[in-house]
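Reading through the structure tokens given below for one structure.
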Amino acid sequence: MKRIFILCSAVILLAGWHIYKPYSRPDIQTDGLYGEDVQAEDTVSIASLPWTDLFSDLRLQSLIREGLENNADLGIARLRVREAEAALFSSRLAYLPSLSLNPQGQLNSYDHTKTDKTYTIAASAGWEVDLFGKLTNAKRGAKAALEQSDAYRQAVQTQLIATIANSYYNLLTLDRQLDISRRTAGSWAEVFRIYEAKKRVGEATEAAVAQAKANKLAVEASVLTLQKQIRAQENSLSALLGRTPGRIERTTLKGQCFSDRLSVGVPLQLLRSRPDVRQAEAALAQAFYSTNGARSAFYLGITLSGSAGWTNNNGAAIINPGSWLLGAVGSLVQPLFNRGQNIAALRVAKARQEEALLFFRQSLLKAGNEVNDALMQWQLADSRLKIVGEQVAALRSAVNDTRKLMEYSSASGYLEVLTAQQALLQAELTEANDAFDKIQGMINLYHALGGGVE
């Protein structure tokens, strides 16, 4: 009989041994994750740079620090980390026995007889033996949940840094466009004055004067539109910083300086640098331990409990002084039939684990796509800037020539001046947009690679 008991125990232990198996990362393919047109190098990516090294503008650094301190979404993410830490602390203490003190007192009197006073001063303890990994998997799952919450906090932080930087440089771009539009409005005011003077001496027509005035008014209207956009962007950035609407102190777009070479590293680095990918893997690990916990419900559970105390109630007799009361209980539960609840719980846990695996793989693919998009944005904007720069230089020369001809001779009509001035305005606005697009591509690439975690 003893041998049969030992054999059965060994079979049960071997059957439940896999429940203690820790999580390991599944096989995933990272080769070519950035796309065929991106040359990945086994070097340190820009994501390893502190954000203070990438964003050297002191005004921007001050805004980012303010956002990291006051942003509500980031504050909520930090509180979620505290919640996960508390849950992990509780799961670690689950290995210890529970202790409680249970004093009781009672008064009894029958038909106005003498009152019997009984009391019991007792303490009890209970301890669940973690024979098949129920508590272990709960603790590991809580640890994975903490890692998931911390990764979420880091994801919110990297997104916040990127959004503040994008908003700041967008403000600088709008400032640049506003300056261009104001200078253009001044130029059209001068053209309008010249044509009015020419009209008085019969060298310009009414149509030329009207066209010059219309273009001046159009540019002045665009100035008001840009001022509205600037105010809206300042208010949006103020909300990110956790402050009331107001002016944002800033520098200029021309004063910004960045590296001409951006390193993306190898795709495998995304697994440890990008917080949303780590968050998805932590969720997968948590689902893995939940599945193990569901499996452990099929195996026996052992609970030990005991009590000790002092009482004057000894059965039917009441004695004074009281005597010691001691007790110990050991219980063993082996589930046989639980109306299918354990089976259903295991199936749900397995399905959620598969769902978490698909989400993890999808998050990695999404990260690779974002790296490719950001890198292409930065490279194409850089190429466009070189072309537009030459275009602006040529158009400035054309504007100067046509204005001189308009002012000192009749060889250039209002259509030539109109065309050259409008083309220059559009080219200068495009140049400012392309400069911002290049900066934005760099910011997006830094964020896509997981930069700004610390």
Side-chain angles (χ1 to χ4, degrees), residues 8-30 33 80-81 83-95 128-155 267-268 270-272 274-303 332-369:
C8 291
S9 300
V11 171
I12 293 174
L13 288 173
L14 290 175
W17 186 254
H18 67 283
I19 297 177
Y20 281 95
K21 182 180 179 181
Y23 164 81
S24 60
R25 179 180 296 164
D27 293 333
I28 51 176
Q29 181 66 32
T30 59
L33 187 64
R80 290 183 181 179
V81 173
E83 294 173 8
E85 288 174 344
L88 178 58
F89 177 75
S90 176
S91 66
R92 286 172 174 169
L93 293 182
Y95 289 96
E128 182 179 359
V129 181
D130 189 30
L131 188 60
F132 289 101
K134 177 183 177 182
L135 300 180
T136 297
N137 283 296
K139 184 195 72 171
R140 291 174 176 175
K143 185 176 181 181
L146 174 59
E147 293 173 355
Q148 185 179 356
S149 297
D150 188 59
Y152 171 74
R153 177 197 60 80
Q154 292 175 347
L268 191 62
L270 287 180
L271 292 172
R272 63 174 181 270
R274 183 153 164 150
D276 61 331
V277 175
R278 289 192 288 108
Q279 180 185 358
E281 186 174 14
L284 175 59
Q286 185 180 13
F288 173 83
Y289 291 122
S290 295
T291 302
N292 281 357
R295 286 194 179 100
S296 66
F298 289 90
Y299 299 98
L300 59 85
I302 299 176
T303 302
L332 184 148
V333 178
Q334 172 61 55
L336 297 178
F337 178 70
N338 194 21
R339 295 171 293 179
Q341 293 184 10
N342 290 345
I343 295 176
L346 180 59
R347 289 176 179 174
V348 170
K350 286 182 177 180
R352 289 177 177 174
Q353 184 177 344
E354 289 295 325
E355 180 183 346
L357 176 59
L358 293 176
F359 185 78
F360 170 54
R361 289 174 173 168
Q362 185 62 30
S363 67
L364 193 58
L365 290 175
K366 177 186 175 184
N369 290 336

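Values reported hereafter were calculated over all heavy atoms of this structure, with side chains retained and with hydrogens, waters and symmetry mates removed.
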Quiz item: Under a 4.5 Å cut-off applied to non-hydrogen side-chain atoms, are L358 and E355 in contact?
Solution: no

Self-check item: Minimum side-chain heavy-atom gap T136-S296 below 4.5 Å
Solution: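 SC-SC contact between T136 and S296 ruled out.
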
How many angstroms lie between atom [atom1] of [X] and atom [atom2] of [Y], to the nearest 0.5 angstrom?
X: Q286; Y: R352; atom1: CD; atom2: CZ; result: 10.5 Å
X: F359; Y: L364; atom1: CZ; atom2: CG; result: 12.0 Å
X: L88; Y: E85; atom1: CG; atom2: CD; result: 8.5 Å

Minimum heavy-atom distance between [X] and [Y], given as atom pair plus value:
X: R140; Y: Y289; value: CD-CE2, 3.4 Å
X: A145; Y: A84; value: O-CB, 4.1 Å
X: R295; Y: L346; value: CG-CD1, 3.5 Å
X: E128; Y: L135; value: O-CD1, 4.0 Å
X: A356; Y: A283; value: CB-O, 4.2 Å
X: L146; Y: V81; value: CD1-O, 3.7 Å

Self-check item: Over 12 non-hydrogen atoms of neighbours within 6.0 angstrom of CZ in F89
Solution: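 For F89, atom CZ is not crowded (no more than 12 foreign heavy atoms under 6.0 Å).
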
Exercise. For atom CZ of F298, decide whether the heavy atoms of other residues, nucleotides or ligands shown that lie under 6.0 angstrom number more than 12.
Key: yes

Exercise. With side-chain contact (heavy atoms from CB on, under 4.5 Å) as the test, would you mind laying out the steps for F288 and N137 before giving the verdict?
Key: CA-CA 9 Å; F288 173 83; N137 283 296; 5.7 Å; no

Quiz item: Quick one: side chain to side chain contact (heavy atoms under 4.5 Å, CB included) partners of Y152, sequence neighbours excluded?
Solution: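 With sequence neighbours excluded, Y152 shows a side chain to side chain contact (heavy atoms under 4.5 Å, CB included) to A77, R80, V156, Q279, given in chain and number order.
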
Quiz prompt | Partner set under side-chain hydrogen bond (donor to acceptor under 3.5 Å, both in side chains) for Q353, not counting sequence neighbours | solution =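 Q353: side-chain hydrogen bond (donor to acceptor under 3.5 Å, both in side chains) contacts with T291.
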
Quiz prompt | A87 backbone acceptor or donor facing S90 side chain under 3.5 Å | solution = no

